[in-house]
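Taking it in order: structure first as structure tokens, then the write-up.
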Amino acid sequence: MDTGQFIQRDETCWEIEPKGAMHVPAIIYADAQLLQEMDQKVYEQITNVATLPGIVQAAYAMPDAHWGYGFPIGGVAAFDPDQGGIVSAGGVGFDISCGVRTLHTGLNIDQLQPHKQALADALYRTVPAGVGSRGKIHLNHKTMHGMLTGGARWALDQGFGEQRDLERIEEHGCMAGAEPHYVSPRARERQQDEMGTLGSGNHYLEVQRVAEIFDPAVAKTFSLRVGDVVISIHCGSRGLGHQIGTEFLKDMAMAAAQYQIALPDRELACAPLNSPLGKQYLGAMRAAINCALANRQIITHLTRQAVATVFPGIHLGLLYDVSHNTCKLERHMIDGQKKSLFVHRKGATRAFGPGHPDLPAAFKEVGQPVLIGGSMGTSSYVLCGTKESEQRAFSSACHGAGRAMSRTQATKQWQGRTLVDQLAAKGIIIRSPSMRGVAEEAPLAYKDVSAVVDIADRAGLARKVARLEPVICIKG
DNA sequence: ATGTAC
């Protein structure tokens, strides 16, 4: 898009002043190149978000932003319930609580090297991946309820994982305020056999090596050293989250007139936070957050089992688990006053800075680990939250590379098989049930993750700690 | 993202 449409506030901050129905400015964090390459749709969508009732401070787009349903992916917006603020299903995204979890292995890359193929086989065999993938767990009414209210804590009670995992998970593994009675029978049915599965699209399980350290002190706190092997899991709430999103989107679109909300775009369907529909969505969404937390917990258990077949006796401890598709009630400073706000992060990672009360003791001094998944075959990053991020974007950062072209376009340009061979030549093993899926995820169909992360760092959204390179990728 | 469409 044309950078002339913006007022450049500083090196990385581009502002659109309020005009028309906008209540607040819209702000994109990028450099001139990322902004030029960004779809004009991001401009339209982020200015549309700025017109929604009760929005405070500004509507934000992260440097990885691209066109999404209603809100851009990479969008952040906070709403005040006392000022008629709203909640929007499209502002959270279909894959509710999609997120990334990273595990330490205690292994060095040299120890892994001779066993790469064996580990790839074991992981691919053990963790179900792909569209409609099913696991070995079958939920009945009672266990479904337990999962929707208990999240990773429920998974732990079922024997998946260790007590100490919980403190390294956002919300300590269990999202409060879940209301399973607002999760429809259809959503439950779709999830019955999908616990502990990766799903498809950009979801993956990746074995990575720490390739570069930017901040040695924080890296030490995060227990990351060059050459260390870690495992990252990127997935969400599968069929359940998608079904909840679909149903509430429809209900919110129908209710907009009743709540007298003028929508510049039908896809921005929303409901007042204080309305029955708004509250129902929040209850269902929180249940879906628990589903995603439980899902990543079970996949962690399966990963531990798979790794143990190749490296008996090793322990996989959690670095952290953080979601990037949520709406969370948080306290933030607005015009010198602490306010309780509902922060939508859609394709944006929560990034609490040092001293935040919700952080585990181990991270209190340095800030939250911010896990940024790269595209297939490219680097991922570990960042840490900063103090200044609270003022810049309600303590949020980018979530990944961000798509640069559509899935359809990517399948026209690349072949899955060829990509797998090319990456194999670079020492990266890809395992996937879908070669079409692999083509859709071609590295060049995404923005340059390093450029995106550099902007997040320079903008003060989060600070770079370590760069990870893929070794094995189980792709959904 | 998704039982890749209702």
Side-chain angles (χ1 to χ4, degrees), chain A residues 41 45 64-75 88-100 128-135 138-139 183-205 233-251 253-254 266-267 269 281 284-285 288-289 291-293 295-296 299 323-327 344-349 373 375-376 399-412 416 432-442 445-446 474-476:
Chain A
K41 283 278 176 192
Q45 294 195 315
D64 52 339
H66 57 104
W67 183 16
Y69 188 94
F71 283 55
I73 294 158
S88 166
V92 171
F94 283 94
D95 191 8
I96 297 167
S97 200
C98 181
V100 182
V131 187
S133 47
R134 293 170 164 217
H138 311 290
L139 299 177
V183 177
S184 71
R186 187 106 176 259
R188 291 156 185 265
E189 195 184 317
R190 287 181 65 171
Q191 196 58 32
Q192 249 170 191
D193 304 319
E194 290 195 341
M195 295 310 295
T197 65
L198 272 179
S200 64
N202 63 1
H203 292 165
Y204 60 77
L205 182 152
I233 295 160
H234 176 210
C235 64
S237 52
R238 305 288 286 106
L240 182 129
H242 190 268
Q243 187 64 29
I244 291 172
T246 307
E247 289 168 7
F248 276 94
L249 225 31
K250 206 175 87 211
D251 291 350
M254 291 198 301
R266 257 186 65 87
E267 294 184 356
Y281 175 71
M285 178 206 65
I289 290 179
C291 176
L293 296 179
N295 194 31
R296 290 197 287 273
I299 293 173
S323 301
H324 47 233
N325 278 6
T326 57
C327 176
H344 291 64
R345 293 189 184 88
K346 180 187 188 180
T349 310
S375 50
M376 185 182 63
H399 83 307
R403 286 204 81 90
M405 70 170 71
S406 73
R407 294 186 175 277
T408 334
Q409 209 179 334
T411 53
K412 286 176 190 159
S432 176
S434 163
M435 281 307 121
R436 179 180 161 185
V438 169
E440 291 178 355
E441 291 293 312
Y446 281 82
I474 311 298
K475 194 78 194 159

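Owing to the predicted nature of the structure, the values given are computational and were not obtained by experimental measurement. The basis for the numbers below is simple: all heavy atoms, side chains too, and nothing from hydrogens, waters or symmetry mates. Numbered from 1 within each chain, the chains take letters A, B, ... in sequence-line order.
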Donor-acceptor check, side chain of Asp64(A) to backbone of Gly74(A), threshold 3.5 angstrom: yes or no?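 It does not hold such a pair.
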Counting only side-chain nitrogens and oxygens, does Ser200(A) get under 4.0 Å of the OP1 or OP2 atom of dT2(B)? yes
Short side-chain N/O contact from Arg238(A) to OP1 or OP2 of dT2(B), under 4.0 Å: yes
To the nearest 0.5 angstrom, please state how far the OG atom of Ser237(A) sits from the CD1 atom of Ile289(A).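 Going from OG on Ser237(A) over to CD1 on Ile289(A), the span is 9.0 Å.
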Integer-rounded Å distance: [N] [atom2] and [X] [atom1]:
| X | N | atom1 | atom2 | value |
| --- | --- | --- | --- | --- |
| Arg190(A) | dT4(B) | CZ | P | 8 Å |
| Arg436(A) | dT4(B) | CZ | C1' | 7 Å |
| His242(A) | dC6(B) | NE2 | P | 8 Å |
| Gln191(A) | dG3(B) | CD | P | 9 Å |
| Gln243(A) | dT4(B) | CD | C1' | 14 Å |
| Phe94(A) | dT4(B) | CZ | C1' | 12 Å |
| Lys250(A) | dA5(B) | NZ | C1' | 14 Å |
| Ile244(A) | dT2(B) | CD1 | C1' | 14 Å |

What's Gly236(A) touching, base or sugar-phosphate or nothing? Going by heavy atoms closer than 4.0 Å.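 Gly236(A): no heavy atom of the nucleic acid under 4.0 Å.
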Report which part of the nucleic acid Glu194(A) touches: base, sugar-phosphate, or nothing (heavy-atom distance under 4.0 Å, all strands). sugar-phosphate
May I ask you to check whether His324(A) and His234(A) place their ring centers less than 6.0 Å from one another? yes
Side chain to side chain donor-acceptor pair (under 3.5 Å) with Glu247(A): which residues, sequence neighbours excluded?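 Once residues adjacent in sequence are excluded, the partners of Glu247(A) under the side chain to side chain donor-acceptor pair (under 3.5 Å) criterion are Ser184(A), Gln243(A).
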Let me spell it out: for each of Glu441(A) and Ser434(A), pick the nucleotide of DNA chain B with the closest heavy atom. Which residue's pick is nearer the 5' end?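 The residue whose closest nucleotide sits nearer the 5' end is Glu441(A).
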With no angle test and no hydrogens, is the base of dG3(B) tied to the side chain of Arg186(A) by a donor-acceptor pair under 3.5 Å?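 Check passes, donor-acceptor contact within cut-off.
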All ring pair (Phe, Tyr, Trp, His ring centres under 6.0 Å) counterparts of Tyr69(A), not counting sequence neighbours: Phe94(A)
